[in-house]
Amino acid sequence: NPEKIELEPHKIYYIKTGVKADMEEDEFLMLCNRSSNPKKKNLVLINGVGIIDKDYYNNSDNEGEIAFAFMNISNETITIEAGEKLGQGIFCKYGKIDDDKAEGERIGGFGSTTK
């Protein structure tokens, strides 16, 4: 994270990383919490695991900057220092099925599939 942040108890924060990731058509980036964060920092990812698709890069909603969606599960304010390690990203390949009937248009960003 590029800056110092104060996280109040039981609130959700989207903590920006200052990082963008351009991926191939058959890739996504999986965002995972550091294993020590729940115990040492009382931070959990609100979505369990974050998934960043190719269309997230440079979209109009957020310009593609990756953010971790954390919740402070403690009863006290937590300080995250600038440059502190919060999580990790893993690039993964995926396949598509031949008879995919999904409808809608993907436009990037949080919850971005439209119908």
Side-chain angles (χ1 to χ4, degrees):
N1 62 310
E3 60 188 10
K4 181 178 177 178
I5 304 168
E6 300 285 328
L7 287 73
E8 294 180 23
H10 309 288
K11 291 192 177 181
I12 297 169
Y13 294 86
Y14 293 91
I15 301 178
K16 294 181 178 183
T17 62
V19 174
K20 293 181 180 184
D22 190 14
M23 294 163 264
E24 300 295 324
E25 289 295 328
D26 63 344
E27 286 183 311
F28 68 92
L29 176 62
M30 180 171 45
L31 298 179
C32 302
N33 198 358
R34 291 188 73 191
S35 60
S36 62
N37 277 346
K39 183 177 181 180
K40 292 182 179 178
K41 287 283 190 183
N42 289 301
L43 292 178
V44 296
L45 285 174
I46 60 168
N47 50 353
V49 172
I51 300 294
I52 306 294
D53 298 306
K54 179 175 178 47
D55 60 2
Y56 194 82
Y57 185 80
N58 279 341
N59 72 68
S60 59
D61 182 38
N62 57 26
E63 298 181 358
E65 182 179 359
I66 295 168
F68 282 86
F70 280 114
M71 177 180 239
N72 173 358
I73 60 172
S74 77
N75 293 321
E76 298 182 18
T77 299
I78 296 170
T79 301
I80 303 294
E81 298 295 337
E84 189 171 337
K85 296 175 186 173
L86 297 175
Q88 51 200 349
I90 303 167
F91 287 97
C92 303
K93 294 281 190 183
Y94 67 90
K96 295 181 181 179
I97 60 173
D98 290 336
D99 62 346
D100 186 356
K101 304 277 192 273
E103 296 180 17
E105 177 186 358
R106 290 199 47 84
I107 56 172
F110 288 102
S112 62
T113 302
T114 62
K115 292 189 179 197

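All figures in this text were calculated on a predicted structure; none of them were measured in a lab. Sequence positions, counted from 1, serve as the residue numbers for this chain.
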What pair of heavy atoms forms the shortest contact from [X] to [Y], and how long is it?
X: N42; Y: I78; result: CB-CD1, 3.9 Å
X: P2; Y: A82; result: O-CB, 3.7 Å
X: F70; Y: L86; result: CZ-O, 3.6 Å

List the residues meeting side chain to side chain contact (heavy atoms under 4.5 Å, CB included) with [X], not counting sequence neighbours, and say none if there are none.
X: I46; answer: I12, Y14, A69, M71
X: S35; answer: none
X: N75; answer: H10

Please tell me whether Y94 and I90 are part of a single hydrophobic cluster in this structure, the criterion being side-chain heavy atoms less than 4.5 Å apart.
yes
Kindly compute the distance separating [atom1] ([X]) from [atom2] ([Y]), expressed to the nearest 0.5 Å.
X: N37; Y: L45; atom1: CG; atom2: CG; value: 8.0 Å
X: E84; Y: K41; atom1: CD; atom2: NZ; value: 4.0 Å
X: F91; Y: M23; atom1: CZ; atom2: CE; value: 6.0 Å

Under the rule for side chain to side chain donor-acceptor pair (under 3.5 Å), what residues qualify as partners of S74, not counting sequence neighbours?
N72
For the [atom1] atom on [X], are there more than 12 heavy atoms of other groups (residues, nucleotides or ligands in this structure) within a distance under 6.0 Å?
X: E63; atom1: CD; result: no
X: E81; atom1: CD; result: yes
X: K54; atom1: NZ; result: yes

Could you tell me whether the side chains of T79 and E6 share a donor-acceptor contact shorter than 3.5 Å?
yes
Please check: side-chain N/O of Y56 versus main-chain N/O of E65, any donor-acceptor pairing under 3.5 Å?
yes
Checking the side chain of N33 only, and the main-chain atoms of L43 only, is there a donor and an acceptor separated by less than 3.5 Å?
yes
Side-chain donor/acceptor pairs under 3.5 Å, residues 25-32, sequence neighbours excluded:
from : atom 1 : to  : atom 2 : distance (Å)
D26  : OD1    : K93 : NZ     : 3.2
E27  : OE1    : E24 : N      : 2.9

Suppose we screen for salt bridge (Lys or Arg N to Asp or Glu O under 4.0 Å). Which residues come up paired with K20, at least two apart in sequence or across chains?
none
